[in-house]
Each structure stands twice: as C-alpha cells, then as structure tokens.
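Data block below; observations after.
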Amino acid sequence: QVQLVESGGGSVQAGGSLRLSCAASGYIYSSNYMGWFRQAPGKEREGVAAMTTGSGSTYYADSVKGRFTISQDNAKNTVYLQMNSLKPEDSAMYYCAAKTTGWLVGPLVLQESRYNYWGQGTQVTVSS
C-alpha cells in the first residue's frame, strides 16, 4: 500500500523554524517528483516547494524562496521541508505529495493537479 505520512508540524512564533518530514512507503520512493503544498482556511491549496527526485532539482513558490528548503534522504525514503523565518501567513495545513509518472516543465511542478499521491497533512501555526 502506498503511503505518505507527514510529521513535524506545530505552533511557533513568527521568525521561528520548523522542519516537516514526509515518510514514503511502497514503490512511491521512485517517484519523479515530491512536493509540499499548503492550504489555509478559506483558500485554495498552493504549491510551496517541489523537487525532482532523480536530479535533485528544486522549485519554490516566490512567497517562500530564501526561507524554505526542500530536501530528501533516499536511504530513509523521506522528504523534508525546512522552514525558516516563518511568518503568520505561512500558517496552513501542509501536505506532502508525490508524482510517480511523467515529467513537468517550469511552474507545472507546483500545480497540485499534477500529483497523484497525497499525505494526510500536518498543521503549521505561526503566531505574531
């Protein structure tokens, strides 16, 4: 059974840091892309960061560039999202996702509709 399990969310003050983890099981570890998305109440889910698992290329939304870093540990089948300099507007449910087939170009990497496996999410709350 394919599973993505997120962890590491929590509450933090503005300016603080959190590291989210996404543990993947099943054949999903060979996914072409792994991504992090977030959804705040009343808003659409948006792409935050993604990476091409083979080459290690990374992609970021403009709103998080320079503050968030996506990385992977292939030995642990885990993808991370290091979040620094957190802002209240970063508060959301964060989801890990995998795209197991096909290749993407440019901003398509951060489109949620391109991903076919999703975790249950982990809540991040940033207070001012």
Side-chain angles (χ1 to χ4, degrees):
Q1 183 177 358
V2 173
Q3 271 194 318
L4 295 174
V5 180
E6 303 98 333
S7 61
S11 296
V12 65
Q13 289 191 329
S17 299
L18 284 173
R19 189 178 79 157
L20 306 183
S21 299
C22 173
S25 62
Y27 73 86
I28 202 169
Y29 70 85
S30 62
S31 298
N32 292 346
Y33 299 88
M34 295 293 293
W36 286 97
F37 296 77
R38 68 186 181 188
Q39 187 169 23
K43 294 187 177 181
E44 294 184 352
R45 189 153 54 184
E46 63 173 349
V48 174
M51 69 184 309
T52 309
T53 57
S55 68
S57 297
T58 57
Y59 312 84
Y60 297 95
D62 288 342
S63 59
V64 305
K65 279 181 182 176
R67 300 188 298 122
F68 291 11
T69 303
I70 186 171
S71 62
Q72 62 181 347
D73 184 333
N74 291 331
K76 296 182 178 179
N77 294 337
T78 299
V79 175
Y80 303 99
L81 184 68
Q82 178 67 44
M83 305 186 295
N84 298 329
S85 302
L86 283 162
K87 304 175 181 180
E89 52 263 44
D90 294 319
S91 296
M93 184 71 77
Y94 281 72
Y95 299 90
C96 174
K99 176 175 173 58
T100 54
T101 60
W103 300 98
L104 301 171
V105 177
L108 296 180
V109 179
L110 293 178
Q111 284 188 1
E112 62 163 326
S113 61
R114 305 293 175 172
Y115 289 75
N116 51 334
Y117 290 100
W118 291 84
Q120 293 301 306
T122 185
Q123 180 67 42
V124 171
T125 302
V126 184
S127 58
S128 57

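As the structure is a computational prediction, the values presented were derived from the model and not from experiment.
For the side-chain contact (heavy atoms from CB on, under 4.5 Å) test, residues two or more places apart in sequence or in another chain that qualify with Ser55 are Thr52, Ser57. Residues satisfying the side-chain hydrogen bond (donor to acceptor under 3.5 Å, both in side chains) test with Ser11, not counting sequence neighbours, are none. Applying the ring-ring contact (aromatic ring centres under 6.0 Å, His included) criterion to Tyr95, with sequence neighbours excluded, gives no partner residue. Taking the side-chain contact (heavy atoms from CB on, under 4.5 Å) definition, one finds that Ser85 meets it with Arg67, sequence neighbours left out. Listed by chain and residue number, nothing satisfies the side-chain hydrogen bond (donor to acceptor under 3.5 Å, both in side chains) test with Asp73 (two or more places apart in sequence, or in another chain). Residues passing the salt bridge (charged side-chain N to carboxylate O under 4.0 Å, His left out) test with Arg19, sequence neighbours excluded: none. The salt bridge (charged side-chain N to carboxylate O under 4.0 Å, His left out) test applied to Lys65 returns Asp62, not counting sequence neighbours. When the side-chain hydrogen bond (donor to acceptor under 3.5 Å, both in side chains) test is applied to Glu89, no partner is found at least two apart in sequence or on another chain. Applying the side-chain contact (heavy atoms from CB on, under 4.5 Å) test to Ser7 and every residue at least two apart in sequence or in another chain returns Ser21.
Note: the hydrophobic cluster containing Met51 also contains Val48 (ILVMFWY, side chain heavy atoms under 4.5 Å, direct or indirect links). Under a hydrophobic-cluster definition in which Ile, Leu, Val, Met, Phe, Trp and Tyr are linked whenever side-chain heavy atoms come within less than 4.5 Å, directly or via other members, Val109 and Tyr80 are assigned to different clusters. Cluster membership for Trp36 and Tyr59, using ILVMFWY side-chain heavy atoms within less than 4.5 angstrom, is not shared.
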For residues 118-128, run the donor-acceptor check on the side chains, cut-off 3.5 Å, and write out each pair with its distance to 0.1 Å, sequence neighbours left out.
from: Trp118; atom 1: NE1; to: Tyr115; atom 2: O; distance (Å): 3.4
from: Thr122; atom 1: OG1; to: Gly9; atom 2: N; distance (Å): 3.1
from: Gln123; atom 1: NE2; to: Ala92; atom 2: O; distance (Å): 3.3

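Looking at heavy atoms from C-beta onward, Thr78 lies out of side-chain contact with Gln72 at the 4.5 angstrom threshold. Looking only at side-chain heavy atoms (C-beta outward), Phe68 and Leu86 come within less than 4.5 Å of each other. At a threshold of 4.5 Å between non-hydrogen side-chain atoms, the residues Tyr117 and Gln3 do not count as touching.
Sequence neighbours left out, the pairs with a member in residues 105-128 that pass salt bridge (Lys or Arg N to Asp or Glu O under 4.0 Å) are Arg45-Glu112. For the disulfide bond (SG atoms under 2.5 Å apart) condition, the pairs that include at least one residue of residues 83-128, sequence neighbours left out, are Cys22-Cys96.
Between the CE atom in Met34 and the CG atom in Asn77 there is a gap of 9.0 Å [rounded to 0.5 Å]. Of the inter-residue distances, the one linking Thr53 atom OG1 with Tyr33 atom OH reads 9.0 Å to the nearest 0.5 angstrom. Taking CE from Met93 and NZ from Lys43, the interatomic distance works out to 15.5 Å, rounded to the nearest 0.5 Å. For the atom pair CD (Gln82) and CG (Leu18), the distance works out to 8.5 Å, reported to the nearest 0.5 Å. The CG atom of Asn116 sits 6.5 Å away from the NZ atom of Lys99 when rounded to the nearest 0.5 Å.
The nearest pair of heavy atoms linking Ala61 to Leu110 is N-CD1, 3.6 Å. Nearest approach of Arg38 to Ser63, heavy atoms of both residues: NH2-OG, 3.5 Å. For the residue pair Thr69 and Tyr60, the shortest heavy atom distance occurs at CA-OH, 3.3 Å. Closest heavy-atom contact between Phe37 and Gly47: CD2-CA, 3.3 Å. The nearest pair of heavy atoms linking Asn32 to Gly102 is ND2-O, 2.8 Å. Taking every heavy atom of both residues into account, Ser17 and Asn84 meet most closely at OG-OD1, 2.9 Å.
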| said: As a quick check of understanding, evaluate side chain to side chain contact (heavy atoms under 4.5 Å, CB included) for Met83 and Tyr94, giving each step before the final call. | reply: CA-CA 12 Å; Met83 305 186 295; Tyr94 281 72; 3.8 Å; yes
